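The structure displayed is predicted, hence computed values, not measured ones.
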Amino acid sequence: MFEEFFKANRESANLARKWKKKTGRKIIGVMPEYFPSEVITALGAYPVHFRGTQMPLSRSDTYMQSFSCTTTRTILEQALNGEMDYVDAFVFTTMCDNQQNLAEVFKNLFPDKPVIIFLIPFISSVTLRQEHLKEQIDRSISELERVTGNKFTKDGLKKALMLHERLNTLINNLYDIRRRNPGALSAYEFYSIVKAGSFLPPEEYTGMLGPVVKTLGSMDVKDVADRVIISGITPEPLELTKAFDEIGLHIVDDDLTSGTRRFSKGALKGTDAKSLDNFVFGGSPCSTLFDPSKDRRSYLLDKARSNRAGVIMWQIKFCEPEAFERPDITSYLKENNIPVTSFEVELQMASFEGIKTRLQAFKELMEVQI
Amino acid sequence: MKYFAGIDVGSLTAKAVVVDENNRILGYHVMPIGQDSFAAGMSAYQQVLNKAGLKREDVLSIVSTGYSRKRFTEATMQKTEISCHAKGVSVIFPGVTTLIDVGGQDSKAMKLGKNGKVLDFAMNDKCAAGTGRFVEVMAHALNLSLDGLSDAALSFKNELSLSSTCTVFGESEVVSLLSQGHTVADIAWAIIKSIADRIVALAKRVGIGQDVAMSGGMAKNRALVARLEDRIGFDILVPDEPQIIGALGAALIAKEEK
Ligand SMILES: Nc1ncnc2c1ncn2[C@@H]1O[C@H](COP(=O)(O)OP(=O)(O)O)[C@@H](O)[C@H]1O
Ligand code: SF4
């Protein structure tokens, strides 16, 4: 049932090339998160998202400092290896310094591929924030019009919003199924399904998701012990999710920028200022967004309590936004008697033995504490 | 009488312990791991059985632990070093609240509750800084045995510091300190201080209580224990055989789980 999704992740570049040929659509490479891919779909193009790979680093070291996060370093490695040759233009957001840096590197290294930058404001005034987002999307749309050669129309937008709404609902259903029945699928299966959406045209992906969600939803509910929530940016390298399955730690929910932070707020509702603001800032607290009205500590505490779960902070090496928040969150959860641990992973890592020991020790700790 | 075994297949050494149902240690064995961690574990196990005068059939269950715990396929069950060291130390020093375990490739700190229950833990990241491997490389650079390094360090005269915590850079720094005319004793002390700093930083992540114990092969390094006591301001309890605490804990867990 999951093979198609595994394959999409394994052969992402070939798949995107195939779909590009088949549909004749332009491909826009999106450096997540927080750019509404709905507008790309509305313009008749197809968005492909890059969140890093497990590829060993060699050429990218010439252009990026070794203290850049391994997400951006492996993305550059992919590009240098010709695995993004099919991309017609890139969209970057300014969610962190590393991504901004990567955008500059891309501009210099790949001058024939337009780089569109979507600036995410760091201001406390909500009104200014909304005005700013509106300006950003209008500019991005006109640049995308140039790249795609298509006009942005109300009708196109309406269709795209409906499609993405359906996709988003299906993913949220999948999350609900897991919350209710964590034994229904393994961590590797779950995150393979979610990740595959990065590389497939949205209508194709939605078509694949429907039957899977239906089958999983009708499975018998089994309660599981050793329940955890993972928190961080993205569960990469995907291979590492297998360690959870192997050890018997059940991920019942997540707090990931590429996961619930992204999907729980719903799809884009329109390109007006308020809808955009909700799209970017309307989700659960995120380390990469400036929003003084939100508190990730209490959010995670509630989530851990309601799921009867421990918290594992999935840290990607040199991801500053997450590294800044981790110590504070960890001590807060500990003070409130929530078992919590963290590990730091480099995406290009081939062996996870140290992390596995940490995860197994955490499982043993939760078992004696409960 | 029923018997239980714990096998700790670490990164550098394999340790085996057999206990009876009254938690009495009937024998233990420590040996270096060569190329084959499974063979080393089996050999340590066989040796300990010989010492205790037991046959394999006499042992009801075996728990393996340590870096290569999964490779020891003879085991009934495997547990991490964290749980095993905690359990092991709790029968030797009941009441310990902080345990520092430093072995060949990793260092760990644990906060303990009753009966060796792990309340929190911290582990070093993948590199060898602050572990036994680091001392071994440095001892080699100074042409000293492990005991020799510890003794030399304790007789230091001048305070010196290593600027690198990394094993590779540390080694060349040691060589250059020698060529600058610093004494072996002063350099040995600088090495000990550098590791101690790493370990204290790790232990602080779980919080250091008043009742501190240390296990793992590095607890045999007297200079290191002395420096750690200085830094944290409390005495550190060290078992007679700190290296076998993980295997002991594994054997005790084997008993409890039966
Ligand atoms: N007599 C000794 N004096 C000082 N250090 C020692 C002594 N014996 C062992 N060690 C230290 O113990 C380390 C091995 O510890 P151990 O707990 O056996 O490791 P592991 O479990 O990872 O195999 C060695 O690297 C060495 O530094
Ligand atoms: S959010 Fe973190 S992991 Fe993602 S690009 Fe920025 S620094 Fe890297």
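At a threshold of 4.5 Å between non-hydrogen side-chain atoms, the residues Glu353(A) and Lys70(B) count as touching. Counting heavy atoms from C-beta on, the side chains of Phe121(B) and Arg358(A) come closer than 4.5 Å. The side-chain heavy atoms of Val118(B) and Glu364(A), taken from C-beta on, include no pair separated by under 4.5 Å. In this structure, Lys117(B) and Leu365(A) have side chains that are not in contact, with every pair of non-hydrogen atoms separated by 4.5 Å or more.
A search for ring pair (Phe, Tyr, Trp, His ring centres under 6.0 Å) contacts involving Phe234(B) returns nothing, not counting sequence neighbours.
By the 6.0 Å contact criterion, CD on Glu239(A) is enclosed, its count of non-hydrogen atoms from other residues, nucleotides or ligands being greater than 12. Counting heavy atoms of neighbouring residues, nucleotides and ligands inside a 6.0 Å radius, atom CG of Asp302(A) exceeds 12 of them. More than 12 heavy atoms of other residues, nucleotides or ligands shown are found within 6.0 angstrom of CG on Asn336(A). Crowding of Tyr28(B) atom OH: a count of heavy atoms from other residues, nucleotides or ligands under 6.0 Å not exceeding 12.
Under the 3.5 Å distance criterion, with hydrogens and angles disregarded, no donor-acceptor pair is assigned to the side chains of Glu81(B) and Thr357(A).
Gln78(B) CD to Gln360(A) CD: the interatomic distance, rounded to the nearest 0.5 Å, is 4.5 Å. Rounding to the nearest 0.5 angstrom, the gap separating the OG atom in Ser342(A) from the CZ atom in Arg205(B) is 7.0 Å.
The minimum heavy-atom distance between Thr80(B) and Ala361(A), with the atom names listed, is CG2-N, 3.4 Å.
Of the atoms belonging to Thr341(A), it is side-chain heavy atoms, and not backbone ones, that fall under 4.5 Å from chain B. In this structure, the portions of Asp120(B) lying under 4.5 Å from any heavy atom of chain A include both its backbone and its side chain. With a 4.5 Å cut-off on non-hydrogen atoms, Lys363(A) does not touch chain B at all.
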| said: Under the criterion side chain to side chain contact (heavy atoms under 4.5 Å, CB included), I'd like the reasoning laid out for Lys334(A) against Lys111(B): C-alpha separation, chi angles, the key distance, then a yes or no. | reply: CA-CA 12 Å; Lys334(A) 280 183 188 172; Lys111(B) 184 176 171 184; over 6 Å; no
